[in-house]
Chemist: 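Below: one structure in structure tokens.
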Amino acid sequence: MPELAEVEYFRKQWSPGIGQKVTRVLTHPKARIFRDASAGEIERCLEGQSFLESFAHGKKMCFRFSSKVWLGLHLGMAGKLQTATPEIVPDRHDHLAILLPSVALVFSDYRMFGKVQIHQGNSAPFWWNNLPPQPQEAEFTRQRFREILKRRSRRPLKALLLEQADFPGIGNWMADEILWRARVHPTARPQDLSNHYRNRIFDSLKEVCDDAFRVIAPDWGDPPDSWLFNHRWKRSGQCPRSGKALDWITVGGRTTCYSPAIQKLP
DNA sequence: CCCCATGTTCGACA
DNA sequence: GTGTCGAACATGGG
């Protein structure tokens, strides 16, 4: 489920716990989300520590606790962060519950593609170090975008936009939305595009990030029908710009929705 | 029973 | 090295 702005939405869901001390940690020891850190280690590191602050980067999140404890979370395909009362009895999909005096911080993930990492130390762990600029930031410049396209000149644009090392946070619906707004065919390669279309993709990338943060991050608002988003899920969906039929193809192993009427191969 | 799903990773192969 | 492809992970919904 979660891409850039959804991840930011979920990160904030735990903020009511900031400043409180962990009284207890409930885990399901066999949950796949703990494959990089044992449930016991997570409990041992977190119990008794204060929740200080949190960050999101792309699809990853980092929650910092006292005594230099770093908790890394990735929501995978179906993960969610919620709060509950401290008396929570976790159901079968609540794999991690961090109990604080007035609130419980809960990570549920019925498909278990998510990931939990734990670290204790003065400096950031490897998984929260040397993070690349995010597309919504000013540091992600047109110059940087041009360099990525040059370096990955033969990669289909749809597959390239999904590369987390270059476009942290962009997922399937955002990549389709970006190319649809730029009127670029999802299988087009950077080397085939004119500078005009390369610039259009950069502008769309920034615009889709801004729109997603504005509409989704605050309270999970519904995107307007002027986006591709609301039409891409329906069979026989129609392109809101041309009124023509949408089509679905597989690019980079992912289902890709596009509008053949306005997204032509160069 | 079938197919699909807003994600990542790994191995095989051209 | 680059790029592609399929499978795997696990569960639920249509």
Side-chain angles (χ1 to χ4, degrees), chain A residues 1-11 28-37 56-61 72-81 90-96 107-117 126-127 131-132 134-136 147-180 186-192 205 208-209 211-213 215-217 220-223 227-237 246-258:
Chain A
M1 184 184 278
E3 300 179 23
L4 195 61
E6 290 99 340
V7 170
E8 171 62 10
Y9 169 83
F10 282 125
R11 179 194 69 81
H28 288 186
K30 56 173 179 36
R32 185 180 130 90
I33 60 166
F34 299 124
R35 59 198 176 285
D36 291 335
H57 183 279
K59 297 176 188 170
K60 301 192 290 191
M61 291 171 289
L73 298 183
H74 192 295
L75 299 171
M77 195 82 111
K80 289 179 183 173
L81 299 191
D91 74 20
R92 56 193 286 254
H93 298 315
D94 299 335
H95 305 303
L96 173 66
F107 179 10
S108 6
D109 178 10
Y110 70 87
R111 286 177 76 178
M112 287 197 273
F113 290 169
K115 184 153 76 170
V116 178
Q117 292 169 300
F126 73 92
W127 42 264
L131 299 172
Q134 302 179 90
Q136 75 274 23
E147 286 164 4
I148 293 169
L149 292 200
K150 190 172 176 186
R151 179 161 43 83
R152 310 299 303 274
S153 65
R154 297 183 50 75
R155 195 99 165 109
L157 262 306
K158 168 62 186 282
L160 179 52
L161 286 168
L162 291 175
E163 298 273 1
Q164 297 302 295
D166 288 321
F167 300 100
I170 303 300
N172 208 30
W173 79 256
M174 290 187 81
D176 286 353
E177 188 80 31
I178 290 161
L179 294 173
W180 173 73
T187 64
R189 294 154 202 270
Q191 64 181 6
D192 302 327
L205 171 66
V208 170
C209 288
D211 284 353
F213 273 102
V215 172
I216 297 167
W220 204 281
D222 290 326
W227 298 13
L228 177 63
F229 185 92
N230 282 348
H231 309 270
R232 56 172 295 124
W233 313 110
K234 310 168 197 158
R235 213 158 37 107
S236 76
L246 294 171
D247 198 9
W248 290 265
I249 56 178
T250 298
V251 186
R254 306 297 300 282
T255 297
T256 297
C257 176
Y258 76 112

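Small disclaimer: the values here were computed from a predicted structure and weren't measured. Just so we're on the same page: letters track the sequence lines, and every chain starts at 1.
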Chemist: Donor-acceptor pairs under 3.5 Å, side chain of residues 163-170 of chain A to any protein atom, not counting sequence neighbours: which ones?
Modeler:
unit_1, atom_1, unit_2, atom_2, d
A/Glu163, OE2, A/Arg155, NE, 3.0
A/Glu163, OE2, A/Arg155, NH2, 3.0
A/Gln164, OE1, A/Gly169, N, 2.9
A/Gln164, NE2, A/Leu162, O, 3.0
A/Gln164, NE2, A/Ile170, O, 2.8
A/Asp166, OD1, A/Arg151, NH2, 2.9

Chemist: Can you tell me how far P of B/dC4 sits from CG of A/Asn172, to the nearest Å?
Modeler: 14 Å

Chemist: Under 3.5 Å, which protein N or O atoms sit close to an N or O of nucleotides 9-14 of chain B? Give each pair with its distance.
Modeler:
none

Chemist: Please check if the distance between the ring centroids of A/Trp180 and A/Phe229 is under 6.0 Å.
Modeler: no

Chemist: Extract all donor-acceptor atom pairs below 3.5 Å that involve side chains of residues 246-257 of chain A and protein atoms in other chains or at least two apart in sequence.
Modeler:
unit_1, atom_1, unit_2, atom_2, d
A/Trp248, NE1, A/Arg232, O, 3.1
A/Thr256, OG1, A/Lys158, NZ, 2.8
A/Thr256, OG1, A/Arg254, O, 3.1

Chemist: Determine which bases of DNA chain B form Watson-Crick or G-U wobble pairs with both distances under 3.5 Å, and write the result as a 5' to 3' dot-bracket string with | for other-strand partners.
Modeler: .||||.||||||||

Chemist: Does the side chain of A/Pro190 come within less than 4.5 Å of A/Leu160's, by heavy atoms?
Modeler: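 The answer is yes, as the side chains (C-beta and beyond) meet within the 4.5 Å cut-off.
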
Chemist: Reading DNA chain C from 5' to 3', where do the contacts with chain A start and stop? Cut-off is 4.0 Å to heavy atoms.
Modeler: C/dG3 to C/dG12

Chemist: Does A/Arg92 reach a base, just sugar-phosphate, or nothing at all? Heavy atoms under 4.0 Å.
Modeler: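 Contact class for A/Arg92: sugar-phosphate only.
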
Chemist: Of A/His74, A/Met61, A/His57, A/Lys60, which is the lone residue that meets side-chain contact (heavy atoms from CB on, under 4.5 Å) with A/Val7?
Modeler: A/Met61

Chemist: Give A/Arg189 one of three labels, base, sugar-phosphate or nothing, depending on what nucleic acid heavy atoms sit under 4.0 Å from its own.
Modeler: sugar-phosphate

Chemist: For A/Phe107, check ring-ring contact (aromatic ring centres under 6.0 Å, His included) against everything at least two apart and list the hits.
Modeler: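 Applying ring-ring contact (aromatic ring centres under 6.0 Å, His included) to A/Phe107 gives none.
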
